[in-house]
Each structure stands twice: as structure tokens, then as C-alpha cells.
Amino acid sequence: MKVLITGFDPFGGEPINPAWEAVKRLPDNIDGVEIVKLQIPTVFKKSAKKLFENIDTVKPDVVICVGQAGGRYEFCVERVAINLDDGRIPDNEGYQPVDVKVFEDGENAYFSNLPIKAMVEEVKKAGIPAAVSNTAGTYVCNHIMYSLLYYINKNNLNIKGGFIHVPYITEQVLDKKNTPYMDLNSITRALEASIKAVKNYETDIKVSGGKEF
């Protein structure tokens, strides 16, 4: 099995992005799974173009994109991406779409085909807070998740794909009082546990992952 895993560069004034910092610390092989790491820009459209090019080159069995969700407490495995770009802030090239479709010919939403609940349970077994998330937002994280699943769907690719949001890391919250964070080593271990779950679970497990809000 070959996994292509991506992380974004820093954005929003942050000097570091925990997604890429954790991704680049992953070993090149996890339980016999080949790991290919890729940094992508926090830029609408350009991020998807780079992802598509690497999917075509690497020919992975699984694609996992990882992004920062400052303010979240848990390691969040996303369930769904929506066909909407609505930037709270401009991307790293100054573009700020408002109520724009990611792809005009795409579905309203695409669901991850990763074993998301199995991934969450494996991360919890490693002693790390984790949960299924039902919103990837409307910024570049949702954009890349939607683009990935659109590309898989439109090209009938035999690829599993999805997205993970990770909290701030310790050094990012020195000036952010009462803001949740997670140490970088825990995020990297959680990614490893997630990849092992993808390898070990062809279909997802049936456990509750629902939320009231």
C-alpha cells in the first residue's frame, strides 16, 4: 500500500503549520505502508493542482490531506466536504472567494471513503483525543478535501481519500490564552495510528461518531 499524505504551509500570520510539521516527521514506512509526503500551498486552486499532479505521478492507494484547525481540542477526522469556497481571510496569494463553487460540475458534497471511525478509535487507543468532525470549514482545507474527492469521483480512481484537521501545537499558543493545543509528537503519533487503521480496516466500524452541533 502507498499513502500520499499532504500538509499545508503556514497561513494566517502563523510562522508554522502543525499539519506539515507533523507530516514531515512521519517515517517513510509504517507497518509496510509506503509513505509519500507532500507540502501544498494554502492557496485555493493551486493546492488542488499540485495535489492532482502528484496523484498522477505517485499513483497512491490512499490520499490523506492534513490541515490546521486552530481552536480545536481534538485530532479531527473529517467526514464530508462541501462544494463551497468562502474565505474568512485571503489565502496566501491574497485571494478571498465568497460563496464560490469549488467545481461547477461537482456534487453538493462528497463524503470521505476512509474508515474514519476506525481511524478515530485507533488514535484514542494511542491515548490521544480524537473525534469525527462533520465540517471541514469553507477555507482551503475544505477546498482540498472536496477537490480530492471530486478528482477521485470524476476519474473513477480506485483510491481512498479524506482529510484530517489537527490543533495548534504548543509554540503557537504562547500568546493565545485559553486556546487548546496538542504537542507535535502526539499529532505525529496520531497520524501514524490513522494510517495503520486505513491499512487494517477495509470497511469502517460501526460506532457512534455523532454530535449535537
Side-chain angles (χ1 to χ4, degrees), residues 1-11 14-42 47 50-70 72-78 112-133 136 140-141 144-145 148-149 152 157-172 181-205:
M1 179 182 286
K2 185 187 295 185
V3 173
L4 174 63
I5 185 165
T6 74
F8 288 107
D9 60 2
F11 71 96
E14 294 290 334
I16 195 170
N17 191 318
W20 176 242
E21 294 304 313
V23 165
K24 72 183 184 182
R25 284 167 172 74
L26 288 169
D28 295 330
N29 191 288
I30 299 173
D31 282 4
V33 177
E34 181 183 351
I35 308 299
V36 180
K37 307 158 206 171
L38 174 69
Q39 187 181 57
I40 56 177
T42 308
S47 55
K50 185 169 184 178
L51 177 63
F52 297 164
E53 290 171 350
N54 278 269
I55 289 173
D56 293 344
T57 301
V58 174
K59 301 189 184 309
D61 302 292
V62 177
V63 180
I64 301 173
C65 299
V66 186
Q68 167 191 293
R72 293 197 189 184
Y73 164 74
E74 298 151 316
F75 179 93
C76 294
V77 184
E78 297 294 344
S112 172
N113 60 356
L114 295 173
I116 61 172
K117 293 184 176 180
M119 294 163 70
V120 166
E121 292 305 309
E122 288 303 307
V123 174
K124 286 180 179 178
K125 287 178 186 176
I128 300 164
V132 172
S133 168
V140 186
C141 290
I144 201 67
M145 181 181 177
L148 166 62
L149 299 173
I152 290 171
L157 300 177
N158 186 26
I159 292 176
K160 289 187 175 181
F163 192 92
I164 292 169
H165 263 127
V166 301
Y168 284 136
I169 51 176
T170 311
E171 50 265 51
Q172 289 180 284
Y181 66 92
M182 187 177 288
D183 70 274
L184 183 57
N185 180 59
S186 292
I187 295 174
T188 302
R189 290 195 298 113
L191 290 176
E192 289 189 48
S194 297
I195 290 168
K196 290 176 183 177
V198 174
K199 176 191 174 186
N200 293 329
Y201 291 87
E202 181 64 29
T203 58
D204 208 357
I205 60 177

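For reference, positions follow the sequence shown, starting with 1.
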- How far apart are the closest heavy atoms of V66 and F163, and which atoms are they? C-CZ, 3.8 Å
- Query: How long is the span from the CG atom in L114 to the CD1 atom in I164, to the nearest 0.5 Å?
  - Reply: 7.5 Å
- For N185, check side-chain contact (heavy atoms from CB on, under 4.5 Å) against everything at least two apart and list the hits. D183, R189
- With sequence neighbours left out, write down each residue that passes side-chain hydrogen bond (donor to acceptor under 3.5 Å, both in side chains) with E34, or none if nothing qualifies. none
- Query: What heavy-atom pair brings M182 and F75 nearest, and what distance separates the two atoms?
  - Reply: CE-N, 4.0 Å
- Task: Please report the shortest heavy-atom distance between A136 and C141, naming the atom on each side.
- Result: O-CB, 4.1 Å
- Residues in side-chain hydrogen bond (donor to acceptor under 3.5 Å, both in side chains) with K59, at least two apart? none
- Write down the atom of I128, the atom of S186, and the distance for their closest heavy-atom approach. CD1-O, 3.2 Å
- Message: Closer than 3.5 angstrom, by distance alone: can the side chain of D9 be matched with the main-chain N or O of T42 as a donor-acceptor pair?
- Response: yes
- How far does CD1 of I144 sit from CD1 of I40, to the nearest 0.5 angstrom? 4.0 Å
- Those residues at least two apart in sequence (or on a different chain) that pass side-chain contact (heavy atoms from CB on, under 4.5 Å) with D61 are M1, K2
- Task: Can you sort out the partners of R72 under salt bridge (Lys or Arg N to Asp or Glu O under 4.0 Å), two or more places apart, ordered by chain and number?
- Result: E78
- Item | By ring pair (Phe, Tyr, Trp, His ring centres under 6.0 Å) - contacts of Y73 (at least two apart) | none
- Candidates N113, V63, I64 - the one meeting side-chain contact (heavy atoms from CB on, under 4.5 Å) with K160: N113
- Message: If the condition is ring pair (Phe, Tyr, Trp, His ring centres under 6.0 Å), which residues does F8 pass it with, not counting sequence neighbours?
- Response: none
- Message: Checking E171 now: which residues fulfil salt bridge (Lys or Arg N to Asp or Glu O under 4.0 Å) with it, not counting sequence neighbours?
- Response: none
Side-chain donor-acceptor distances from residues 19-27 under 3.5 Å, at least two apart:
unit_1: E21; atom_1: OE1; unit_2: K24; atom_2: NZ; d: 3.3
unit_1: E21; atom_1: OE1; unit_2: R25; atom_2: NH1; d: 3.0
unit_1: E21; atom_1: OE2; unit_2: K24; atom_2: NZ; d: 3.4
unit_1: R25; atom_1: NH1; unit_2: E21; atom_2: O; d: 2.8

- Check whether any side-chain heavy atom of C65 lies under 4.5 Å from a side-chain heavy atom of L51, and answer yes or no. yes
- Considering all heavy atoms, the nearest S112-G162 contact: OG-CA, 3.7 Å
- Query: Any idea which heavy atoms bring P41 and S47 closest together, and the distance?
  - Reply: O-CB, 3.2 Å
- Does the side chain of Q172 pick up a donor-acceptor pair with the side chain of Q68 at under 3.5 Å? yes
- Query: Do I55 and L148 have side chains that get closer than 4.5 Å, going by heavy atoms?
  - Reply: yes
Anything under 3.5 Å between a donor and an acceptor, one on a side chain of residues 119-127, the other on a protein residue two or more places apart or in another chain? List them.
unit_1: E122; atom_1: OE2; unit_2: K125; atom_2: NZ; d: 3.1

Check residues 190-203 and write down every donor-acceptor pair under 3.5 Å in which the side-chain atom is one partner and the other belongs to a residue at least two apart or another chain.
unit_1: S194; atom_1: OG; unit_2: A190; atom_2: O; d: 2.9
unit_1: K199; atom_1: NZ; unit_2: D31; atom_2: O; d: 2.5
unit_1: N200; atom_1: ND2; unit_2: K196; atom_2: O; d: 3.1

- With Y168, which residues qualify under ring pair (Phe, Tyr, Trp, His ring centres under 6.0 Å), at least two apart? none
- Query: Is L184 close to T170 at the side-chain level, that is, under 4.5 Å between some pair of heavy atoms?
  - Reply: no
